[in-house]
Amino acid sequence: MQIRTIANSTPPARDASAVSSAPSSESRRISDDVAQARHTAMSALTNDRFRVMLEQITDPSASGALITMRGDNVVDFKSAQSSYADNSE
């Protein structure tokens, strides 16, 4: 068995005017957005209040309570405020 290379052994020269070495404003914006998202994610991972909130909403009993909530029980603002005041004492 014999293998022959048909392609050029040297890559073709690139046109320097077609490729710019400086990043475009769009790529800079995307890079900045990624850096900001990474910073926000790292901040959330180290934030104790966020961790506690996440534990609360992922608790199975909290999920059950959310499932049983229904939208057909309309409560006026004063009743809700009164209920909230009673429960916070």
Side-chain angles (χ1 to χ4, degrees):
M1 177 182 247
Q2 197 175 28
I3 300 175
R4 293 185 186 181
T5 305
I6 298 174
N8 292 337
S9 60
T10 58
R14 289 183 142 182
D15 183 11
S17 64
V19 179
S20 174
S21 62
S24 69
S25 62
E26 180 69 12
S27 65
R28 273 193 307 271
R29 185 190 63 76
I30 291 170
S31 179
D32 290 347
D33 288 349
V34 168
Q36 182 63 38
R38 177 176 164 67
H39 175 74
T40 302
M42 293 302 292
S43 175
L45 287 173
T46 58
N47 185 322
D48 284 337
R49 289 175 56 196
F50 180 79
R51 179 188 53 77
V52 169
M53 183 270 312
L54 195 58
E55 287 174 358
Q56 288 175 349
I57 64 172
T58 57
D59 180 29
S61 63
S63 299
L66 288 173
I67 289 172
T68 59
M69 292 176 123
R70 300 181 62 148
D72 57 342
N73 297 332
V74 179
V75 177
D76 65 303
F77 179 72
K78 291 216 183 266
S79 299
Q81 191 176 25
S82 174
S83 253
Y84 181 76
D86 291 344
N87 290 330
S88 63
E89 292 175 353

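Keep in mind it's a predicted model, so treat the numbers as computed, not measured. All residue numbers refer to positions in the sequence shown, counting from 1.
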So, taking the atom named [atom1] in [X] and the one named [atom2] in [Y], what distance separates them when rounded to the nearest 0.5 Å?
X	Y	atom1	atom2	value
Met42	Leu45	CE	CG	6.0 Å
Asn47	Thr40	CG	OG1	11.5 Å
Ile30	Ser24	CD1	OG	7.5 Å
Arg49	Leu54	CZ	CG	14.0 Å

Here the salt bridge (Lys or Arg N to Asp or Glu O under 4.0 Å) pairs for residues 37-47, sequence neighbours left out, are none
Should Val52 and Ile57 be regarded as members of a common hydrophobic cluster, given that ILVMFWY residues are connected when their side-chain heavy atoms come within less than 4.5 Å of each other, either directly or indirectly?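 No, Val52 does not connect to Ile57 through the hydrophobic network.
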For Asp33, give me all partners under side chain to side chain donor-acceptor pair (under 3.5 Å), at least two apart in sequence or on another chain. Arg29
